[in-house]
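Throughout, a chain's letter reflects where its sequence line sits, starting with A, and its residues are numbered from 1. Quick caveat, the model's predicted, so the values are computed rather than measured.
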Amino acid sequence: MARTRNNKMTTIKNPEKYVLPLNFYRRDTISAARALLGKILIKKVNGKWAGGYIVETEAYLGSDDPACHAAGGKITDRNRVMFGPPGLSYVYFIYGMYYCVNVVAFNEENERAGAVLIRALEPVFDIVGMKKRRKTEALEELTNGPGKLCQALNITREDNARKLDEGNLLIIDLPGERRPVIESACRIGIRRGCELPLRFFCKDNPFISKHKKG
DNA sequence: GTACCGATGTTCT
DNA sequence: GAACATCGGTACC
(Lines give C-alpha, C1' and ligand atoms only; values in the text may rest on other atoms or scores of the structure.)
Protein backbone atom coordinates (compact mmCIF):
# COMPACT_ATOMS: atom_id res chain seq x y z
CA MET A 1 0.00 0.00 0.00
CA ALA A 2 1.63 3.17 -1.17
CA ARG A 3 -0.47 5.75 0.53
CA THR A 4 -0.04 6.83 4.08
CA ARG A 5 -3.64 7.65 4.71
CA ASN A 6 -5.40 5.04 6.79
CA ASN A 7 -8.82 6.53 7.50
CA LYS A 8 -11.65 8.25 5.66
CA MET A 9 -11.69 11.58 7.47
CA THR A 10 -11.81 14.61 5.21
CA THR A 11 -12.45 17.20 7.89
CA ILE A 12 -11.13 17.50 11.40
CA LYS A 13 -12.88 19.17 14.32
CA ASN A 14 -10.50 19.30 17.26
CA PRO A 15 -6.96 18.87 15.96
CA GLU A 16 -5.53 20.42 19.14
CA LYS A 17 -6.44 17.15 20.81
CA TYR A 18 -3.92 15.28 18.65
CA VAL A 19 -0.98 17.71 18.49
CA LEU A 20 2.54 16.42 18.94
CA PRO A 21 4.06 17.85 22.13
CA LEU A 22 7.05 20.11 21.59
CA ASN A 23 9.16 17.46 23.31
CA PHE A 24 8.63 15.32 20.23
CA TYR A 25 11.08 17.52 18.33
CA ARG A 26 13.76 17.38 21.01
CA ARG A 27 15.82 14.74 19.24
CA ASP A 28 18.50 14.70 16.60
CA THR A 29 17.43 16.20 13.30
CA ILE A 30 17.67 13.02 11.23
CA SER A 31 15.51 11.15 13.70
CA ALA A 32 12.99 14.01 13.63
CA ALA A 33 12.95 14.02 9.82
CA ARG A 34 12.09 10.32 9.79
CA ALA A 35 9.60 10.50 12.64
CA LEU A 36 7.64 13.29 10.95
CA LEU A 37 6.74 11.05 8.02
CA GLY A 38 3.14 9.94 8.47
CA LYS A 39 2.30 12.85 10.77
CA ILE A 40 -0.16 15.51 9.61
CA LEU A 41 0.59 19.17 8.86
CA ILE A 42 -2.47 21.45 8.88
CA LYS A 43 -3.19 25.15 8.77
CA LYS A 44 -6.47 26.90 9.44
CA VAL A 45 -7.33 28.93 6.35
CA ASN A 46 -10.60 30.83 6.03
CA GLY A 47 -12.01 28.88 8.97
CA LYS A 48 -11.11 25.45 7.58
CA TRP A 49 -8.23 23.15 8.40
CA ALA A 50 -6.23 22.39 5.25
CA GLY A 51 -3.35 19.95 4.88
CA GLY A 52 -2.43 16.29 4.89
CA TYR A 53 0.09 13.61 5.68
CA ILE A 54 3.78 14.47 5.60
CA VAL A 55 5.32 12.12 3.02
CA GLU A 56 8.70 13.73 2.27
CA THR A 57 11.19 15.60 4.48
CA GLU A 58 14.79 16.74 4.46
CA ALA A 59 17.15 17.11 7.41
CA TYR A 60 19.30 20.25 7.70
CA LEU A 61 21.79 19.53 10.40
CA GLY A 62 22.69 22.99 11.65
CA SER A 63 25.95 24.85 12.06
CA ASP A 64 28.13 22.12 10.55
CA ASP A 65 25.91 21.49 7.52
CA PRO A 66 27.02 23.69 4.58
CA ALA A 67 23.54 23.54 3.02
CA CYS A 68 21.79 24.68 6.19
CA HIS A 69 20.79 28.32 6.59
CA ALA A 70 22.46 28.12 10.00
CA ALA A 71 25.79 27.02 8.47
CA GLY A 72 28.75 28.47 10.31
CA GLY A 73 26.65 29.16 13.36
CA LYS A 74 26.03 32.78 12.48
CA ILE A 75 22.66 34.10 13.66
CA THR A 76 20.84 36.41 11.24
CA ASP A 77 17.35 37.85 11.13
CA ARG A 78 16.31 35.07 8.78
CA ASN A 79 17.69 32.03 10.59
CA ARG A 80 17.19 33.23 14.16
CA VAL A 81 14.41 30.77 14.99
CA MET A 82 16.65 27.80 14.18
CA PHE A 83 18.81 28.74 17.15
CA GLY A 84 15.86 28.67 19.52
CA PRO A 85 13.90 25.82 21.11
CA PRO A 86 12.62 22.87 19.04
CA GLY A 87 9.05 22.55 17.82
CA LEU A 88 8.80 25.97 16.19
CA SER A 89 8.24 26.65 12.51
CA TYR A 90 10.95 28.15 10.31
CA VAL A 91 9.43 29.69 7.18
CA TYR A 92 11.59 31.43 4.58
CA PHE A 93 11.03 33.13 1.23
CA ILE A 94 12.88 31.71 -1.76
CA TYR A 95 13.35 32.56 -5.45
CA GLY A 96 11.31 35.71 -5.08
CA MET A 97 7.96 33.93 -5.08
CA TYR A 98 7.78 30.84 -2.89
CA TYR A 99 7.86 29.92 0.76
CA CYS A 100 9.26 26.79 2.40
CA VAL A 101 8.33 25.51 5.85
CA ASN A 102 10.62 23.74 8.31
CA VAL A 103 10.33 22.41 11.83
CA VAL A 104 13.12 23.31 14.24
CA ALA A 105 14.48 20.12 15.78
CA PHE A 106 17.16 19.20 18.27
CA ASN A 107 19.03 22.17 19.59
CA GLU A 108 21.57 21.36 22.23
CA GLU A 109 22.72 24.52 23.97
CA ASN A 110 21.27 26.56 21.11
CA GLU A 111 24.24 25.66 18.96
CA ARG A 112 23.31 23.01 16.49
CA ALA A 113 20.30 24.75 14.91
CA GLY A 114 18.88 21.76 13.06
CA ALA A 115 15.65 21.88 11.07
CA VAL A 116 13.46 19.57 9.01
CA LEU A 117 12.17 20.85 5.66
CA ILE A 118 8.68 19.62 4.83
CA ARG A 119 8.87 18.78 1.11
CA ALA A 120 5.57 17.07 0.33
CA LEU A 121 2.16 16.18 1.73
CA GLU A 122 -0.47 13.66 0.81
CA PRO A 123 -3.47 16.03 0.56
CA VAL A 124 -6.46 15.15 2.73
CA PHE A 125 -8.10 18.14 4.42
CA ASP A 126 -9.85 20.97 2.53
CA ILE A 127 -8.99 19.66 -0.92
CA VAL A 128 -11.38 22.22 -2.43
CA GLY A 129 -9.59 25.14 -0.79
CA MET A 130 -6.16 23.81 -1.71
CA LYS A 131 -7.20 23.38 -5.36
CA LYS A 132 -8.39 26.96 -5.41
CA ARG A 133 -5.18 28.36 -3.92
CA ARG A 134 -3.01 26.20 -6.19
CA LYS A 135 -5.12 27.03 -9.26
CA THR A 136 -5.26 23.41 -10.36
CA GLU A 137 -7.71 20.52 -10.16
CA ALA A 138 -4.95 17.90 -10.19
CA LEU A 139 -4.81 16.26 -6.75
CA GLU A 140 -1.23 15.06 -7.23
CA GLU A 141 -0.07 18.63 -7.97
CA LEU A 142 -1.47 20.25 -4.82
CA THR A 143 1.27 19.59 -2.27
CA ASN A 144 4.06 17.61 -4.01
CA GLY A 145 6.81 20.16 -3.40
CA PRO A 146 7.90 22.56 -0.65
CA GLY A 147 6.73 25.70 -2.47
CA LYS A 148 3.53 24.06 -3.61
CA LEU A 149 2.43 22.91 -0.17
CA CYS A 150 2.98 26.36 1.30
CA GLN A 151 0.79 27.79 -1.46
CA ALA A 152 -1.88 25.15 -0.81
CA LEU A 153 -1.88 25.83 2.94
CA ASN A 154 -1.37 29.59 2.59
CA ILE A 155 1.83 29.41 4.63
CA THR A 156 3.72 32.73 4.52
CA ARG A 157 6.31 34.67 6.48
CA GLU A 158 3.58 35.32 9.06
CA ASP A 159 3.81 31.65 9.98
CA ASN A 160 7.48 31.88 10.90
CA ALA A 161 8.52 31.10 14.49
CA ARG A 162 5.18 29.62 15.52
CA LYS A 163 4.83 26.88 18.09
CA LEU A 164 3.43 23.85 16.30
CA ASP A 165 1.34 22.61 19.21
CA GLU A 166 -1.05 25.58 19.29
CA GLY A 167 -2.52 28.22 17.01
CA ASN A 168 -3.29 28.06 13.30
CA LEU A 169 -0.37 25.88 12.21
CA LEU A 170 -0.19 22.42 13.75
CA ILE A 171 1.43 19.04 13.38
CA ILE A 172 -0.77 16.24 14.68
CA ASP A 173 -0.68 12.47 14.98
CA LEU A 174 -3.98 10.67 14.50
CA PRO A 175 -4.33 7.44 16.46
CA GLY A 176 -4.19 4.13 14.61
CA GLU A 177 -2.05 5.19 11.66
CA ARG A 178 0.28 2.65 10.13
CA ARG A 179 3.99 3.36 10.11
CA PRO A 180 5.21 4.26 6.63
CA VAL A 181 8.03 2.39 4.93
CA ILE A 182 10.82 4.98 4.72
CA GLU A 183 13.36 5.39 1.96
CA SER A 184 16.19 7.91 1.83
CA ALA A 185 18.16 9.72 -0.87
CA CYS A 186 20.17 12.86 -1.46
CA ARG A 187 18.63 16.27 -0.84
CA ILE A 188 17.15 18.27 -3.70
CA GLY A 189 18.00 21.66 -5.13
CA ILE A 190 21.18 22.39 -3.20
CA ARG A 191 24.78 22.79 -4.39
CA ARG A 192 26.63 22.13 -1.16
CA GLY A 193 26.18 19.25 1.24
CA CYS A 194 24.83 16.78 -1.34
CA GLU A 195 26.87 13.78 -0.19
CA LEU A 196 24.66 12.41 2.55
CA PRO A 197 21.20 10.85 2.07
CA LEU A 198 19.28 13.37 4.16
CA ARG A 199 16.00 13.29 2.24
CA PHE A 200 13.40 10.90 3.57
CA PHE A 201 10.13 9.84 1.95
CA CYS A 202 7.35 7.28 2.13
CA LYS A 203 8.06 4.43 -0.26
CA ASP A 204 5.96 4.45 -3.46
CA ASN A 205 3.81 7.36 -2.31
CA PRO A 206 2.34 9.19 -5.35
CA PHE A 207 2.65 12.63 -3.74
CA ILE A 208 6.45 12.84 -3.51
CA SER A 209 7.98 15.98 -5.05
CA LYS A 210 9.25 15.90 -8.61
CA HIS A 211 12.94 16.29 -9.12
CA LYS A 212 15.64 15.54 -11.64
CA LYS A 213 17.88 13.30 -9.63
CA GLY A 214 17.63 11.36 -6.42
C1' DG B 1 10.34 11.21 -21.25
C1' DT B 2 14.66 15.11 -20.62
C1' DA B 3 16.52 20.03 -20.96
C1' DC B 4 16.66 24.45 -20.36
C1' DC B 5 14.59 29.05 -18.99
C1' DG B 6 12.40 33.08 -16.90
C1' DA B 7 9.95 34.98 -12.98
C1' DT B 8 10.81 37.47 -8.83
C1' DG B 9 12.68 39.39 -4.04
C1' DT B 10 15.65 38.52 -0.22
C1' DT B 11 20.18 37.38 1.51
C1' DC B 12 24.91 37.11 1.29
C1' DT B 13 29.62 38.15 -0.68
C1' DG C 1 26.41 41.35 -8.34
C1' DA C 2 25.42 36.47 -7.56
C1' DA C 3 23.11 32.86 -5.37
C1' DC C 4 19.03 30.92 -3.89
C1' DA C 5 16.29 24.19 0.32
C1' DT C 6 11.26 26.47 -6.61
C1' DC C 7 7.92 26.10 -10.10
C1' DG C 8 5.45 26.24 -14.58
C1' DG C 9 6.20 26.63 -19.10
C1' DT C 10 8.22 25.55 -23.72
C1' DA C 11 11.06 22.91 -26.90
C1' DC C 12 12.68 18.83 -28.34
C1' DC C 13 13.57 13.56 -28.42
[N] OP1/OP2 closer than 4.0 Å to side-chain N/O of [X]:
X: A:His69; N: C:dA5; value: yes
X: A:Lys74; N: B:dC12; value: no
X: A:Arg192; N: C:dA3; value: no
X: A:Thr76; N: B:dT11; value: no

With distance as the sole test, does A:Arg112 use its side chain to make a donor-acceptor pair with the main-chain N or O of A:Phe106 at under 3.5 Å?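 Between the backbone of A:Phe106 and the side chain of A:Arg112 there is no qualifying donor-acceptor contact (under 3.5 Å).
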Sorted by first residue and then second, give each salt bridge (Lys or Arg N to Asp or Glu O under 4.0 Å) pair with at least one member in residues 140-151 of chain A; sequence neighbours left out.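 Non-adjacent pairs meeting salt bridge (Lys or Arg N to Asp or Glu O under 4.0 Å): A:Glu141-A:Lys148, A:Glu141-A:Lys210.
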Any pair with a residue in residues 77-92 of chain A that passes salt bridge (Lys or Arg N to Asp or Glu O under 4.0 Å), sequence neighbours left out, goes on the list, sorted by first then second residue, please.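 Only A:Asp77-A:Arg80 qualify under salt bridge (Lys or Arg N to Asp or Glu O under 4.0 Å).
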Taking side chain to side chain donor-acceptor pair (under 3.5 Å) as the test, write out the residues that go with [X], two or more places apart.
X: A:Ser209; answer: A:Glu56, A:Arg119
X: A:Gln151; answer: A:Arg134
X: A:Arg26; answer: none
X: A:Asn14; answer: none

Could you tell me how far apart [X] ([atom1]) and [N] ([atom2]) are, to the nearest whole angstrom?
X: A:Gln151; N: B:dT8; atom1: CD; atom2: P; value: 14 Å
X: A:Leu149; N: C:dA5; atom1: CG; atom2: C1'; value: 12 Å
X: A:Glu141; N: C:dG8; atom1: CD; atom2: P; value: 7 Å
X: A:Arg133; N: C:dC7; atom1: CZ; atom2: P; value: 17 Å

Look at the side chain of A:Arg78 and decide which nucleotide, out of C:dC7, C:dC4, B:dC12, has an atom nearest to it.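 The closest nucleotide is B:dC12.
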Please pick, from C:dT6, C:dG8, C:dC4, the nucleotide with the shortest atom-to-atom distance to any side-chain atom of A:Arg191.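 Closest nucleotide to the A:Arg191 side chain: C:dC4.
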Residues forming a salt bridge (Lys or Arg N to Asp or Glu O under 4.0 Å) with A:Asp165, sequence neighbours excluded: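 A:Asp165 satisfies salt bridge (Lys or Arg N to Asp or Glu O under 4.0 Å) with no residue once adjacent residues are dropped.
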Dot-bracket for DNA chain C, 5' to 3', with Watson-Crick and G-U pairs under 3.5 Å, [ ] for crossing pairs and | for other-strand pairs: what is it? ||||.|||||||.
Once the angle between the rings of A:Phe93 and A:Tyr99 is folded into 0 to 90°, is it parallel (under 30°), tilted (30 to 60°) or perpendicular (over 60°)?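 Judged by the thresholds at 30° and 60°, the geometry between A:Phe93 and A:Tyr99 is tilted.
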Earlier contact from the 5' end, DNA chain C, for A:Ile190 and A:Arg134: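 Between the two, 5'-proximity favours A:Ile190.
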Does A:Gly147 reach a base, just sugar-phosphate, or nothing at all? Heavy atoms under 4.0 Å.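 It contacts sugar-phosphate atoms only.
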When all nucleic acid strands are considered with a 4.0 Å heavy-atom cut-off, which category describes A:Asp77: base, sugar-phosphate, or nothing?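 Touches nothing.
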Under 4.0 Å from any atom of DNA chain B, heavy atoms only: list the residues of residues 87-95 of chain A that qualify, in numerical order.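 Result for residues 87-95 of chain A: A:Phe93, A:Tyr95, sorted by number.
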